[in-house]
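Any value given below was found using the heavy atoms of this structure, including those in side chains, with hydrogens, waters and symmetry copies removed.
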There are 2 protein chains.
Amino acid sequence: MTAKSNASSSSSTRRGRKNDPESVQADILAVATREFSEKGLSGARIDEIAEKTRASKRMIYYYFKDKETLYLHTLEAAYQKVRLQEAELQLNHLAPLEALSRLVRFTFCHHAKNPDFIRLVMIENIHHGRYLAQSKLIQSLNAGVIDALTNVYNRGVEEGCFREGLDPRELHWLISALSFFNVSNQHTFSRIFDWKQAAPENQRKLEDHVTDMVMRYVLPDDTAMANP
Amino acid sequence: MTAKSNASSSSSTRRGRKNDPESVQADILAVATREFSEKGLSGARIDEIAEKTRASKRMIYYYFKDKETLYLHTLEAAYQKVRLQEAELQLNHLAPLEALSRLVRFTFCHHAKNPDFIRLVMIENIHHGRYLAQSKLIQSLNAGVIDALTNVYNRGVEEGCFREGLDPRELHWLISALSFFNVSNQHTFSRIFDWKQAAPENQRKLEDHVTDMVMRYVLPDDTAMANP
DNA sequence: ACAACAATGTACGAAATGGTACGTTCAGTC
DNA sequence: GACTGAACGTACCATTTCGTACATTGTTGT
């Protein structure tokens with residue numbers, strides 16, 4: 001909530017005052033994230049966001065001029081948070097096999113633990129990625145992911161533990177698809193096939209199987225699988 | 001509540017009349033499908049659906065009492081259409097390997113060709129599957145998919161071309177995930193990674209790779225891949 | 001033919017909703 | 001302590017949007 005006390009300049013001078021713009025903005029953004037991810041851009045109501053904020057509706061339009069602008073900021077903040085977490089993964093000093101399996105498990109768990117982010121991306125896709133396209137910020141954030149994966153894959157090919165000829169971007173696509181679908185379609189899938197997909201034991205199984213799928217895809221054809 | 005209609009018997013006797021309830025309903029449903037899949041339940045506007053229909057708004061409430069009820073009928077119709085197409089697949093007389101790869105390619109292409117359906121399912125997941133849960137119809141439609149896949153898988157295990165111990169439901173999950181994600185996240189993925197995912201050549205590649213992924217997952221550990 | 005009911009058009013109402021006008025308080029500056 | 005601009009509260013407006021009341025036309029059974 002108020003976790004964002006201003007980093008450098010103003011925090012020292014603005015101590016102990018009643019007006020607290022940074023915290024108000026952060027609060028609005030947090031509430032907006034919940035509301036937009038829950039109900040979508042058109043489903044979310046500014047009045048409801050205002051009510052759940054300790055600020056007033058007036059403040060929403062004061063800091064974020066539009067409903068759409070607020071949504072865009074929400075989306076940007078969500079991506080930023082994800083990439084920050086991803087950056088903490090240090091894959092370079094791990095063996096390729098280990099690094100890849102770790103990346104897969106990280107992605108799977110991360111998505112599972114952040115349904116808000118997944119839902120925002122779903123919603124953004126419903127809007128044809130129109131808002132994401134407006135954001136220079138998000139574009140720049142995502143280059144690193146592919147770079148890291150390319151590095152791991154190339155090392156793996158050199159060491160002979162990955163097969164050649166795969167596109168790292170498609171590998172990322174595969175990992176994303178499985179981890180994303182696990183969250184995005186949980187409701188319909190569970191209901192249709194009467195399967196408690198969200199149950200911890202099933203989530204653990206799925207995590208193992210997803211890791212297995214990816215590893216089997218990149219392993220050379222003559223390699224037998226070792227069970228973890 | 002109005003979805004009843006003896007399609008064949010009445011259409012012959014009612015030819016050339018001015019009132020045409022069945023066609024009006026079908027028209028409304030078609031327009032509603034486009035609108036809901038494009039803008040979501042809360043984003044779609046009844047007035048806009050009415051304008052694009054040859055009928056009037058009054059008729060929408062006459063045949064489908066609510067916005068929500070209309071949405072539910074839309075969802076049901078979409079699922080029905082899918083399952084009808086799926087039923088045309090005759091996998092029983094094919095060898096397991098051939099049958100599975102055919103099922104994967106069918107699912108992938110089908111989803112790619114029916115973005116409206118995919119988007120409706122996305123939207124329904126945004127709503128936590130609340131409406132799908134109300135529909136007895138959809139629940140009953142989907143049993144067959146798993147049955148067919150179970151049959152293929154069991155035959156494959158018996159013949160030794162599939163490995164043992166896999167859950168057909170998870171296999172279906174895998175196929176769905178890859179085929180679904182290909183459509184659902186096309187916009188964000190394309191924009192972020194600057195990759196024309198929708199381009200026919202990339203779609204063909206992805207279809208091959210997805211098929212490859214599934215086959216590699218079910219193949220016994222000691223089987224080498226043959227390139228198609 | 002005519003009652004009875006199904007199908008349709010028109011106009012309108014009430015609530016919700018995005019957004020703003022206007023006034024007030026706070027905090028740093030001189 | 002007065003001044004200024006940023007930060008905030010309240011009340012309100014204009015439109016949109018779902019839904020309905022009422023009137024009218026078509027269709028069918030007897």
- Check whether any side-chain N or O of A/N114 sits under 3.5 Å from a backbone N or O of A/H110 as a donor-acceptor pair, and report yes or no. yes
- The side chain of B/R58 lies closest to which of these nucleotides: D/dG19, C/dT8, C/dG19? C/dT8
- Pair B/Y153 + B/H172: ring centers closer than 6.0 Å: no
- Item | A/R45 side chain, from C-beta outward: closest of D/dG19, D/dA7, C/dT17 | C/dT17
- Note on the structure: B/M59 CE to D/dT24 C1', in whole Å, measures 12 Å
- Item | Spacing between B/Q25 atom CD and C/dA6 atom C1', to the nearest angstrom | 12 Å
- Roughly, in whole Å, what's the span from NZ in A/K39 to C1' in C/dT17? 13 Å
- Message: Assess whether a salt bridge exists between A/E86 and A/R83, defined as any Lys/Arg side-chain N lying under 4.0 Å from an Asp/Glu carboxylate O.
- Response: yes
- Query: Which nucleotide, C/dG9, C/dA6, C/dG19, lies nearest any side-chain atom of A/Y61?
  - Reply: C/dG19
- Residue-phosphate contact under 4.0 Å: A/S56 side-chain N/O, D/dG9 OP1/OP2: yes
- A/R105 bridged to A/E207 by N-O distance under 4.0 Å: yes
- Message: I need the NZ-C1' distance between A/K57 and C/dA21, as an integer number of Å.
- Response: 13 Å
- Task: Would you mind telling me which of C/dG19, D/dT17, D/dG19 lies closest to the side-chain atoms of B/D47?
- Result: D/dT17
- Message: Tell me the interatomic distance from A/I60, atom CD1, to C/dT17, atom P, rounded to whole angstroms.
- Response: 14 Å
- Item | A/E124 and B/T188 side chains, donor-acceptor separation under 3.5 Å | no
- Item | Side chain of A/Y63 - closest among D/dG9, D/dA7, D/dC18 | D/dA7
- Please state how far atom CD in A/E68 lies from atom P in C/dT17, giving the value in whole angstrom units. 17 Å
- In whole angstroms, the gap separating P of C/dA7 from NZ of B/K65 amounts to 18 Å
- Describe the nucleic acid contact of A/A50 in one word from base, sugar-phosphate, nothing, applying a heavy-atom distance below 4.0 Å. nothing
- Please report, rounded to the nearest Å, how far the P atom of C/dT20 is from the NZ atom of A/K67. 14 Å
